[in-house]
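Contents: one structure, followed by commentary.
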Amino acid sequence: MAPSPHTSFDPSTLAKQSIKALESEIDTLRAYPAVVEWRDGARVGAREFKFRSMHPALRFAESIRGLIPGQEEEEMAEVVSMEHGETVLRFTHFDRPVLSNLRLEWENEFVPRKTRDEMVGLTKQEEWLQRTEVLGLLSGSEQEQNAFAASSPPPVMDPMLNASQRAAIHAALTKPCIYLWGPPGTGKTATLGHIVALSLAQGDRVLVVSNTNRAVDVVLKSACLALERNQVAIQPNRLTRFGDPVIDDDQIQGLAFSYQLEQIQAERRDQVSDEIQLLNRATKAKEALDRVAKGKKPSSTVQLEWELVQEALKPYGSLDELEELIDESVYTRERTEFRRKSLVATTLAKVSTSDLFRQHEFDVLVVDEASMAHIPQLLVAASHAKKRVIVAGDPMQLPPISVAEEPEARAFMELDIFSLVSGAKTSSALFEWHDQRRDVTFFFDQQYRMKDHLAKVISSVFYDGRLRTELAEEYTDGPPNEQHSRSIDNPPATIINTESKDPYVIQEEGERGFRPMNPVHSDAVSKTILKILEKGWSQHDIGVIVPFRHVANQLMRRWTQEGLGDLEVGTIHTFQGREKPIIIFDTVMSGDRSSSKGERHYTVRPLDETKNENPLHVQRLLNVACSRAKEELLIFADMRHIRKLYHDKTLGKLITRLSQVEDV
């Protein structure tokens, strides 16, 4: 039985744990700077180079060191811009035509340090404790519960919403806090859009946050669509995307706070264009006088111009007063404009690090992908909500990531809000918690994205058999311009058994740490991709997932050389929140032949729950890997290895349920 949430949720204790854990995280980040390696930098200015790569943490780096092959001294660099998958860096000295290889290092502790400082400040405020208490789902009085039961649900203009979604919207507009559990493809994003739109309709100021920029963009896009469907009249300039949009969408790009400020300044420049012309004229006249040699009488032309300027300046006072007038008219204060917004959509990191959020309140906080959010950042965000908090996510997706070396700190930083509030350590305990608190927790059981056969397997292994498949494809958790479906001949889930090819794992020579290579699997995956492309699919339709970052880097280098550079390959974590028509999941592991003692078979932490403190970790990883597929899922596995080590574990059960097995 899962413990009663309100007996274990103590904001004061959580604040102390947060500060201590963040300090450990900061210490580790300082000891181990972040590192990336980029290639093919194209010169775009004086000492400025553009790379077709991005690393979000670079935005917060206070000092970036560039290590360039063949150059002994480090180069200091700064970020000029970062958008559309590209980064422009400016170097202190380097100014050659090309920059073939670059290694960047930086201390990556800005966000946790600012979050810690925010937590320290909040603990001194009594009101903060009251606001964050709602996250623990404190039971309301019987009178309050009866009032909610008798209240009428809001008029939602969208007939596509199902009963679970409508119930969640009703509760979100009236309850102090609700938890919305939306597995992939169940319409969670669409529901959040309606919650935001209807909250704005009743006069609330709304803060929408998520762990990633992409998730923020998608929810904001959904909110804009819901505003139209619910016929909510609100000026676009009352909505803003604070931070950097990443999806290619004109509407979202137009809502960027920086863009809005530029537009306001441009309009105000037009209003004072005569004054700006006079300022430029007066400045030039003064410069002309200053250039006159000391003691030398200015020419009649210069003298006349200066006298005319002085006469024109009289209505404004002095030259300094004119300049001050223009500054006040054109350059709007960020804080003033920020406070005029009815809807602000941004990342949790921005809420913790931007001074604009200091002492700034909203009526409603909406958190998407909350299962990936660090508890300290959630507590900071909750401090800004006066009335209601909506926590949305999927506790069967990936939890937050921590680098803290201290075990207790790392365990706390990797704890997700669903597990914290429910006290659950297994998927069955999570559903038990939901069943006990159906008034404030909502599980979306209708999925619209995966094919039925694949969805049934995902449901039985990860969701207590509760997911149902509907034919409608109105809602997905991706932006509308990425939605598409195409018929395919193959079954939606297939195990590619590599056993007959005698696969094996070796460790890359000269490398430290666990860096496996499975040549047989790499070749088999490459051949399968070529066959898929021959059927008319594009490289952008395919996602390749592997358990280890080193393998992803190997494959990326190989496929770039083979002309398959547009293929997206990464670890399970990099595909969180993403989807592709076709997903290839390579389990990689076979017998290890690196040792002189012969072949060894062993399990690895990402695939074996017995090697994790929290058994949910592996279930979450495998669920994310498999549920990214919209049309077809291909799992490459050495069934000899699987039968030997994983038959009674989650991976073995998953493969058993995916009954369609083919030899490579």
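The basis for the numbers below is simple: all heavy atoms, side chains too, and nothing from hydrogens, waters or symmetry mates.
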Worksheet, complete the sentence: Hits for side-chain hydrogen bond (donor to acceptor under 3.5 Å, both in side chains) against Ser428, two or more places apart or cross-chain, chain-then-number order -> Thr426
Worksheet item: Who are the side-chain hydrogen bond (donor to acceptor under 3.5 Å, both in side chains) partners of Arg643, not counting sequence neighbours?
Response: Glu499
Worksheet item: Would you say Leu58 and Leu104 make side-chain contact, with heavy atoms under 4.5 Å?
Response: yes
Worksheet item: Excluding sequence neighbours, so at least two apart, what forms salt bridge (charged side-chain N to carboxylate O under 4.0 Å, His left out) with Glu414?
Response: none
Item to complete: Please identify each residue that fulfils side-chain hydrogen bond (donor to acceptor under 3.5 Å, both in side chains) with Asp464, with sequence neighbours left out.
Response: Arg466
Worksheet, complete the sentence: Sorted by chain and residue number, the side-chain hydrogen bond (donor to acceptor under 3.5 Å, both in side chains) partners of Glu23 (sequence neighbours excluded) come out as none
Discussion item. Any carboxylate oxygen within less than 4.0 angstrom of a Lys/Arg side-chain nitrogen, looking at Asp368 and Lys188?
Written reply: yes
Worksheet item: Would you say the side chain of Pro581 lies within less than 4.5 Å of the side chain of Trp537, judging by non-hydrogen atoms?
Response: yes
Worksheet entry | NZ/NE/NH1/NH2 to OD/OE distance under 4.0 Å, Glu406 and Arg410 | no
Practice prompt. Would you please name every residue forming a side chain to side chain contact (heavy atoms under 4.5 Å, CB included) with Thr650, sequence neighbours left out?
Written response: Val461, Phe462, Glu609, Gln619, Leu622
Worksheet item: Is the closest side-chain heavy-atom distance between Asn162 and Phe444 below 4.5 Å?
Response: no
Contacts table for residues 582-589: side-chain donor-acceptor under 3.5 angstrom, sequence neighbours left out:
unit_1, atom_1, unit_2, atom_2, d
Asp586, OD1, His521, ND1, 2.7
Asp586, OD1, Val588, N, 2.9
Thr587, OG1, Phe636, O, 2.8

Item to complete: Decide yes or no for Tyr179 and Ile390: does some side-chain heavy atom of the first lie under 4.5 Å from some side-chain heavy atom of the second?
Response: no
Discussion item. Test of understanding: with salt bridge (charged side-chain N to carboxylate O under 4.0 Å, His left out), list the residues that count as partners of Arg52, not counting sequence neighbours.
Written reply: none
Discussion item. So, using side chain to side chain contact (heavy atoms under 4.5 Å, CB included) as the criterion, who are the partners of Ala21 when residues are at least two apart?
Written reply: Ala409, Phe412, Met413
Worksheet item: Sequence neighbours excluded, which residues qualify as salt bridge (charged side-chain N to carboxylate O under 4.0 Å, His left out) partners of Arg620?
Response: Asp416
Worksheet item: When you check the gap from the basic side-chain N to the acidic O, do Glu579 and Lys630 get nearer than 4.0 Å?
Response: yes
Worksheet entry | Under 3.5 Å: donor-acceptor pair, side chain of Ser460, backbone of Lys456 | yes
Worksheet entry | salt bridge (charged side-chain N to carboxylate O under 4.0 Å, His left out) against Arg30, all qualifying residues, sequence neighbours excluded | Glu109
Discussion item. For Met396, is there any backbone N or O sitting under 3.5 Å from a side-chain donor or acceptor partner on Asn623?
Written reply: yes
Worksheet item: Closest approach of Ile635 and Cys626, non-hydrogen atoms and distance?
Response: CD1-SG, 4.1 Å
Worksheet item: Is there a side-chain contact between His540 and Asp566 (heavy atoms, below 4.5 Å)?
Response: yes
Worksheet item: Who passes side chain to side chain contact (heavy atoms under 4.5 Å, CB included) against Leu645, sequence neighbours left out?
Response: His601, Thr603, His641
Worksheet, complete the sentence: Value for CD (Gln17) from CG (Leu22), rounded to nearest 0.5 Å, stands at 11.5 Å
Item to complete: Taking the side chain as every heavy atom from C-beta outward, state whether Val209 and Val366 have any pair of such atoms under 4.5 Å apart.
Response: no
Practice prompt. Might you point out which heavy atoms bring Ser538 and Leu533 nearest each other, and give the distance in Å?
Written response: C-CD2, 3.7 Å
Response to the item:
For Arg593 and Pro503, the nearest pair of non-hydrogen atoms, with its separation, is NH2-O, 4.0 Å
Practice prompt. Check Pro516 against Gln507 and note the closest heavy-atom contact, atom names and distance.
Written response: N-OE1, 3.7 Å
Worksheet item: If we only count heavy atoms from C-beta on, is the Ile532 to Ile542 side-chain gap below 4.5 Å?
Response: yes
Worksheet item: Does Arg605 come within less than 4.0 Å of Asp608, counting only side-chain N to carboxylate O?
Response: no
Practice prompt. May I ask you to test the Met372-Pro399 pair for a side-chain heavy-atom distance under 4.5 Å?
Written response: no
Worksheet entry | Distance, nearest 0.5 Å, that separates NE2 of His453 from CG of Leu633 | 9.5 Å
Fill in: Expected output: side-chain Asn497 to main-chain Met639 donor-acceptor under 3.5 Å
yes
